[in-house]
Amino acid sequence: MSQPSVILATASYDHTIRFWEAKSGRCYRTIQYPDSQVNRLEITPDKRYLAAAGNPHIRLFDVNANTPQPVMSYDSHTNNVMAVGFQCDGNWMYSGSEDGTVKIWDLRAPGCQREYESRAAVNTVVLHPNQFSLILFVIQQTELISGDQNGNIRVWDLTANSCSCELVPEVDTAVRSLTVMWDGSLVVAANNNGTCYVWRLLQGTQTMTNFEPLHKLQAHKGYILKCLLSPEFCEPHRYLATASSDHTVKIWNVDGFTLEKTLIGHQRWVWDCVFSVDGAYLITASSDTTARLWSMSTGEDIKVYQGHHKATICCALHDGAEPTTS
């Protein structure tokens, strides 16, 4: 198979992963995933692999092959894997699970290399885009930020191999989603009360990050299931997208956190969203079984991806260039 320039994938409670032609809306590949539901999808920076986080495994699929079997399975979690992502060079992967742990996996070696105990079910993990080097393996990002079911936000310092910071914006209110601005300047946490907490991230001593409270945004009356800050090539515009159980996605201007647009079209909960590389489009996934492509300039949905038979709960998009290798 020749590699498409745009990789778009969705997963559903119908136990399938579907790949779509973004412009036409045609599904060109379906992978059966009988083991469990898929909670999260992520594409590697080089567009070669798709990670599917299930219960309790993470499976890695070849994007450009037609084989239904995964090329690798990561198996040391013991409950639902709710978060998965990759370091910018694609050398290692991180994950967070309802088993209460955050794990790091070197993709060039078997097994799990690091494990951190959050002591509560982990719902979300993001990577802070700061730069440093580790002796174990060279990495450019050295802090993971996790949010859990008990309302805790923790920063995991990968150089010190410990938790360097702990925040509780609302006691006993689950942190559903975290997002970090591409330049590391802001972090947003969204919770079950429909609230977003925004902090300015200040670089402290050595590599430790300090959180300075910036804003509290009552974004929705229902749960916020995903929050996402716009990518680098969206500049000078900076947006925050919030996807909710109220069936809408709201787009906020980060300058003052004023409401720019409300994306209306989904009939049920909106579980996930992802920006195109230039921030001009947004893909969303919903319990109404569909995924949708939205224009950020008009706020209209311009494509509906139909094919799943049950709730579509996660989506992944990679429409950018692959990282250059030196």
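Along the sequence shown, residues carry numbers from 1.
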Practice problem: Taking atom types as modelled, find out whether Thr312 and Trp271 have a side-chain donor-acceptor pair closer than 3.5 angstrom. | Solution: no
Self-check item: Asn152 side chain reached by Ser118 side chain, heavy atoms, under 4.5 Å
Solution: no
Self-check item: Residue pair His266 / Thr284: nearest heavy atoms and the distance that separates them
Solution: NE2-OG1, 2.7 Å
Quiz item: Got a donor-acceptor contact below 3.5 angstrom from the Gln267 side chain to the Gly265 backbone?
Solution: yes
Quiz prompt | Connected via hydrophobic side-chain network under 4.5 Å: Leu259 and Ile264 | solution = no
Exercise. Tell me, with the steps shown, if Trp199 and Leu214 meet side-chain contact (heavy atoms from CB on, under 4.5 Å).
Key: CA-CA 5 Å; Trp199 293 270; Leu214 182 65; 5.8 Å; no
Quiz item: Knowing that exactly one of Ile7, Leu8, Thr30, Thr10 qualifies, which makes a side-chain contact (heavy atoms from CB on, under 4.5 Å) with Phe19?
Solution: Ile7
Practice problem: Any chance you could lay out the side-chain hydrogen bond (donor to acceptor under 3.5 Å, both in side chains) test for His309 and Ser12, step after step, and finish with the verdict? | Solution: CA-CA 8 Å; His309 306 300; Ser12 163; over 6 Å; no
Practice problem: Please find out if less than 6.0 Å separates the ring center of Trp269 from that of Tyr223. | Solution: yes
Quiz item: Are side-chain N/O atoms of Ser230 and Arg238 paired as donor and acceptor at under 3.5 Å?
Solution: no
Practice problem: For residues Arg176 and Ile224, determine if any side-chain heavy atom of one lies less than 4.5 Å from a side-chain heavy atom of the other. | Solution: no
Quiz prompt | Lys/Arg-Asp/Glu bridge criterion (N-O < 4.0 Å) met for Asp148, Arg154 | solution = yes
Quiz item: Hey, what do you get for OH (Tyr49) to OG1 (Thr44), rounding to the nearest 0.5 Å?
Solution: 7.5 Å
Exercise. Mark yes or no for whether Gln218, through its side chain, and His220, through its backbone, hold a donor-acceptor pair below 3.5 Å.
Key: yes
Quiz item: Does the side chain of Glu212 come under 3.5 Å of the side chain of Asn210 through a donor N or O and an acceptor N or O?
Solution: no
Quiz item: So, the side chain of Asp319 versus the backbone of Ser276: is there a donor-acceptor pair under 3.5 Å, distance only?
Solution: no
Self-check item: Residue pair Leu229, Tyr239: steps toward the side-chain contact (heavy atoms from CB on, under 4.5 Å) verdict
Solution: CA-CA 6 Å; Leu229 287 161; Tyr239 298 115; over 6 Å; no
Exercise. Would you indicate whether the side-chain heavy atoms of Trp252 and Val188 approach each other to under 4.5 Å?
Key: no
Quiz item: Step by step, would you call Asn123 with Gln149 a side-chain hydrogen bond (donor to acceptor under 3.5 Å, both in side chains)?
Solution: CA-CA 7 Å; Asn123 293 326; Gln149 194 66 19; 2.8 Å; yes
Quiz prompt | Donor-acceptor under 3.5 Å (Thr173 side chain, Asn192 main chain) | solution = no
Quiz item: Would Asn80 and Gln37 count as having a side-chain donor-acceptor pair, cut-off 3.5 Å?
Solution: yes
Quiz item: So, does Asp272 use its side chain to make a donor-acceptor pair with the main chain of Cys315 at under 3.5 Å?
Solution: yes
Practice problem: Compute whether any side-chain donor of one residue and acceptor of the other, for Thr16 and His308, lie under 3.5 angstrom apart. | Solution: yes
Quiz item: Lys261 side chain to Met296 main-chain N or O, any donor-acceptor pair under 3.5 Å?
Solution: yes
Practice problem: Indicate, with yes or no, if Val6 and Ile283 share a hydrophobic cluster defined by side-chain heavy-atom contacts under 4.5 Å among Ile, Leu, Val, Met, Phe, Trp and Tyr. | Solution: yes
Practice problem: Could you walk me through whether Phe275 and Leu317 pass side-chain contact (heavy atoms from CB on, under 4.5 Å), step by step? | Solution: CA-CA 8 Å; Phe275 281 104; Leu317 175 69; over 6 Å; no
Practice problem: Could you tell me whether the side chains of Asn193 and Thr195 share a donor-acceptor contact shorter than 3.5 Å? | Solution: no
Quiz prompt | Arg18 side chain to Gln306 backbone, donor-acceptor under 3.5 Å | solution = no
Exercise. Count the heavy atoms of every other residue, nucleotide or ligand shown that sit under 6.0 Å from CZ of Arg26, and state whether that count exceeds 12.
Key: yes
Self-check item: Non-hydrogen side-chain atoms of Leu158 and Trp92 separated by less than 4.5 Å
Solution: yes
